[in-house]
Amino acid sequence: MTEVSIERLTMDYGVHRAVDGISLRIRNGEFISLLGPSGCGKTTTLKVIAGFEHASSGAIRFDGNDVMQVPAEKRDIGMVFQNYALFPHMTVAGNLAFGLEMRKLPKAEMQSRIAKVLEMVQLSSHADRYPNQLSGGQQQRVALARALVIEPKILLLDEPLANLDAKLREEMRVFIREIQRRVGITTVYVTHDQAEAMTMSDRVVVMFGGKIAQMGTPAEIYDQPASVEVAKFVGQVNLLRMKVEAITGDGGMDVSGPFGVIKVKSIEGAAPGRAVTVAVRPEAIDLVSPSEGQAATIASSYYSGSLMDYRARLADGTLIDVQTFPRQRFADGEAVGLSIPADRWWPLEVTA
Amino acid sequence: MNPLASKKRASLLLIAPAALLIFFFLVLPYLTIVVMSFRVPGDGTPYAPGFTTGNYLHFFSDSFFLQQTFNTLMIGAICTLVCLVLGFPVAWQLARGNSRLRGIAYGIVLSPLLVGIVIRSYGWTIILGNNGMINRTLISMGLVDRPVGLMYNTLGIVIALSHVFLPFMILPVMAAIQGIDPSLESAARSLGASRATIFRRIILPLSMPGIQAGCILTFVLSLSAYVTPALIGGSKVKTMAVTVVDTLVDTFQWPFGSALALMLAVTGAVIVVIFARMTRMKWKAA
Amino acid sequence: MSKTFFTIFCLLIYAFLLAPIVVVVLASFNSGAFLTFPPQGLSLRWYVVFFHNEVFWRAIKTSLWIAAVTTVISSIIGTMAAIYHVQFAGKLKETVRVAMMAPLLLPEVLTAIALLFFVYTIGIGTQTVLPLIIGHVLITLPFVFINVSASLESYDVSWTMAARSLGAGPFTRFWRIMLPLIKPGVIGGALFAFIISFDVFTISFMLKSVGMSTLPIQLYDYLRTNFTPEAAAVSSLSVFLTLLVVVVTEKFLGLKIHRF
């Protein structure tokens, strides 16, 4: 059980700054995801926490103790790698025993710990198999077991589900999260998959260009993105340019655009006459009869089984993405109305 | 202290022994040959004090050595060509074959490398000699009544050297062919190309890096081969490498022997560079 | 039709590759006094002659211990260099590769001459076996290097990282993780080093100390003046020894590696 704090961490590779002064406090037992596109510095941050890379400046503390000078093998971390990195010349039990041997545990305790962890990942019957005799999902669970059996202070996972097929990936999300809850271990999870980060984490840290773009619960990240970049990276979004009409006294502002005048939260730099970008998620929009909402016609539609994606064209030509359930079907060219609850509009930035 | 820098310094310890070995016992010795080639020939000793360009003048003024250099280069070129023609089909078969015999075939290709060059050359003397296998067979079949000259001439040297260096052609060409995605051939076929066109337009250009490496290796190795020409050529036909060793070991003319060795190395290197230029692959440059 | 022709052509080349070795082995069982073909009769006569020939036995012993020493030194130095090359060299990777391959790419005869002059220039001469060992290590180094490098290229550095995260220090990581996983390359390289060292002629011929003789040198000397099948018997034994080394290595050290 460990609290991790990262302070102004910077990592340079020659002239390239991979991580640019990030600060982050991870609470005891918290599951935190580092989310971002490739090259955003999330994996580098993980490797610095693990001790595989040496930060150019900044500090990392485990429970208040600076670990920057502690080599990886002494940091007492458990790590799961993207390709699992199971030792191919050792059996499942051998892989699990390795970390315990390094800690010079008595044989009996080693065996009981291995048995316990194998049961947890549901691989008790596979102890004597070699990694190449296991499926991808099983290898993944062995990798997790190997990291947990040493009872590390923190658990680090580097895109552990990236090599699995879509269905298995979804099962493993739940599996990993449940085990993490049961063990109660502080966990840092690196991924570029927003759905993964959202479903698994207590908090998500979105990173772009080596910096933290936003940090918060999955709901905060999704519903109240801090920037256009975050809004676009996490799910689909309609971005509309609107004009500020008035700043109202209650911390809000009136903006006008294709949907007429609407009221949103006021943002920094907003003033009457300025242009702002306002976001609305496709699933926040309801399709109603033309008379009940903003008039539009269906330009195209895409059926994906559980969901229906429409692209609707407003009178001024603006295209709006709408996501609904297939129960409600509209034909291309059909006239519809778009209805958006006032609280689903989210202003992002002042553009002019 | 920066841990990254210390790690880098520690990793240098890994390369240090090999680097020192190569610097002291390869780089410095090669420089020694260059220096030696400018020494004054000694009388009763390998060399005398002082420096001279006389050894090189001697080489250029004696048509015997010029002719022999030319002959040696020709032998190298012919061996390279023979190895390429014989080696390519085998390399192809090894790279693309999928039969269970492939392992055995690969073993056969490697086998000459595992048997000493003296023994291999000796085997060729048994086959090619006047009293050897081929001549005996020919005579007993009544095809000839006197032994055909297969040994103590250039032909014998070319046959034996081609055998000795064939694996050095096959292995890089095989590696290159293995690197060619078989779906390229299917793609070419789907576009309507014949087998011959596929070979000429797809396989050959893409295996060029291997062919180039194999040719250079074979050529350089045949130029400097000593044992095979010495045993097969006997005292009648000598290649430059044999003459160089004779000059150094038998007559102790170290400076002149060095000059001879360097002239052979330089002409060989020039040819290799020209060859590499001519076969340069533009598509590889990126 | 063309396929049959192609197969026959390849078979002929395989026969060509094997011919001299097969011929030597066959000749060793010749009962006649001279090398003739076909053999005049089968016998082990020349093996008996050779078993009583002190000179060849001394040469074989010399060759074996030199090859053993060379293999140990070359394997250690070459493996270290390969690890540096694949995991640490960075921008120097190509330079390291060329330097390490140089002994193979440079003409052996020139290297032998260069070393001979060098040891005389620095004054150690060829009184001891040292120059010869250096020469052998030099010439076998590229074989260890390419074999180990090839193994290392398929070695996943995340194995090392995983071992670190589990608490393994540098020595444990090397002995328990890296070495077992690159073992095929190390063994292959060592095998090559041993065989090359056992068979190499020119380097030994130039650098041997006075009165010393390796098997290839002894055989070469013999062949210059003699044509009895005794040389074939010696050669066959040498081929057999090489085969034995290959088979034994394969059997006892070439353990199966479980890969993904």
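Numbered from 1 within each chain, the chains take letters A, B, ... in sequence-line order. Worth knowing before you read on, the calculation uses all heavy atoms, side chains too, and leaves out hydrogens, waters and symmetry mates. Keep in mind it's a predicted model, so treat the numbers as computed, not measured.
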Under 4.5 Å from a heavy atom of chain C, the part of B:L217 involved: side chain

Identify which part of B:A16 has an atom lying under 4.5 Å from any heavy atom of chain C, answering side chain, backbone, both or neither. neither

Cut-off 4.5 Å, heavy atoms of chain C, and the answer for B:I15 is both

Okay, C:P131 and chain B: the region with an atom under 4.5 Å from a heavy atom over there is neither

Under a 4.5 Å heavy-atom cutoff, which of B:A19, B:S121, B:G123 has the most pairs with chain C? B:G123

What are the two closest heavy atoms between B:L13 and C:M80, and how far apart are they? O-CE, 3.5 Å

What part of B:V115 gets within 4.5 angstrom of chain C, counting heavy atoms only: side chain, backbone, both, or neither? both

What part of C:F117 lies closer than 4.5 angstrom to a heavy atom of chain B: side chain, backbone, both or neither? both

Parallel, tilted or perpendicular for B:H163 and C:F16, by the 30°/60° rule? perpendicular

Report the option among C:L106, C:V119, C:L18 that has the most heavy-atom pairs separated by less than 4.5 Å from atoms of chain B. C:L106

Where C:Y14 and B:A105 come nearest, the two heavy atoms and their spacing: OH-CB, 3.5 Å

Part of C:A231 within contact of chain B (heavy atom distance under 4.5 Å): both

Report yes if some heavy atom in the side chain of C:F205 is under 4.5 Å from a heavy atom in the side chain of B:V227; otherwise report no. no

Shortest non-hydrogen separation from B:R120 to C:P20 and the atoms involved: O-CB, 3.7 Å

Please examine the side chains of C:L141 and B:L21, heavy atoms only from C-beta on, and report whether any two atoms are closer than 4.5 Å. yes

Using non-hydrogen atoms only, which part of C:M206 is less than 4.5 Å away from chain B: side chain, backbone, both, or neither? side chain

With chain B, which of C:V25, C:V109, C:V200, C:V22 has the greatest number of heavy-atom pairs at distances under 4.5 Å? C:V109

If you count heavy-atom pairs within less than 4.5 Å of chain C, which of B:I117, B:V109, B:L166 leads? B:L166

Can you say whether B:V90 sits under 4.5 Å from chain C via the side chain, the backbone, both, or neither, judging by heavy atoms? both

What part of C:Y120 is in contact with chain B, defined as an atom under 4.5 angstrom from a non-hydrogen atom: side chain, backbone, both or neither? side chain

Would C:F9 and B:L86 satisfy side chain to side chain contact (heavy atoms under 4.5 Å, CB included), going step by step from the backbone distance to the final call? CA-CA 9 Å; C:F9 186 75; B:L86 298 185; 4.0 Å; yes

Contacting moiety of C:L115, where chain B heavy atoms sit under 4.5 Å: both

Structural part of C:F88 lying under 4.5 Å from a heavy atom of chain B: side chain

Side chain, backbone, both or neither: which part of B:L31 has a non-hydrogen atom closer than 4.5 Å to chain C? neither

Is chain B contacted by the side chain of C:I13, its backbone, both, or neither, given a heavy-atom distance below 4.5 Å? side chain

Which region of B:Y226, side chain (C-beta onward) or backbone (N, CA, C, O), has a non-hydrogen atom less than 4.5 Å from a non-hydrogen atom of chain C, or is it both or neither? side chain

Which portion of C:L110 sits near chain B, non-hydrogen atoms under 4.5 angstrom: both

Measuring heavy-atom distances to chain C, does B:L12 have an atom under 4.5 Å in its side chain, in its backbone, in both, or in neither? both

Chain C contact via B:V244 - side chain, backbone, both or neither, heavy atoms under 4.5 Å: side chain

Minimum-distance pair of heavy atoms, taken over all atoms of C:C10 and B:Q93: CB-OE1, 3.6 Å

Taking the side chain as every heavy atom from C-beta outward, state whether C:L116 and B:L248 have any atom pair closer than 4.5 Å. no

Are B:I126 and C:L26 packed together at the side-chain level, in the sense that at least one heavy-atom pair is separated by less than 4.5 angstrom? no

Any C:P107 side-chain heavy atom under 4.5 Å of B:L223 side chain: no

Does B:Y30 use its side chain to pair, donor to acceptor, with the backbone of C:A114 at less than 3.5 Å? no

I'd like to know which of B:V34, B:L231, B:V245 tops the heavy-atom pair count under 4.5 Å against chain C. B:L231

Please report the shortest heavy-atom distance between B:Y122 and C:S235, naming the atom on each side. CD2-OG, 3.7 Å

Checked C:V24, C:L105, C:I196 vs chain B; the most non-hydrogen pairs under 4.5 Å come from C:V24

Taking the inter-plane angle between the rings of C:F118 and B:F25 on a 0 to 90° scale, is it parallel (under 30°), tilted (30 to 60°) or perpendicular (over 60°)? perpendicular

When rounded to the nearest 0.5 angstrom, what is the spacing between CD1 in B:I33 and OG1 in C:T121? 10.5 Å

Heavy-atom distance under 4.5 Å to chain B: side chain of C:A19, backbone, both or neither? both

With only heavy atoms counted, which part of C:V96 is less than 4.5 Å from chain B, the side chain, the backbone, both or neither? side chain

About how many Å separate OG1 of B:T125 and CG of C:L223, when rounded to the nearest 0.5 Å? 6.5 Å

In terms of heavy-atom pairs under 4.5 Å, which option from C:I113, C:V137, C:I83 contacts chain B the most? C:I113

Where does C:T111 contact chain B at under 4.5 Å (heavy atoms): side chain, backbone, both or neither? both

Which pair of heavy atoms, one from C:P216 and one from B:V118, lies closest together, and at what distance? O-CG2, 3.8 Å

Which one of B:I22, B:L264, B:L114 has the most heavy-atom pairs closer than 4.5 Å to chain C? B:L114

Please assess C:L219 against B:I119 for the test side chain to side chain contact (heavy atoms under 4.5 Å, CB included), listing each intermediate value before the final yes or no. CA-CA 8 Å; C:L219 204 54; B:I119 297 172; 3.7 Å; yes

Tell me, do B:L26 and C:L138 make a side-chain contact under 4.5 Å, heavy atoms counted? yes

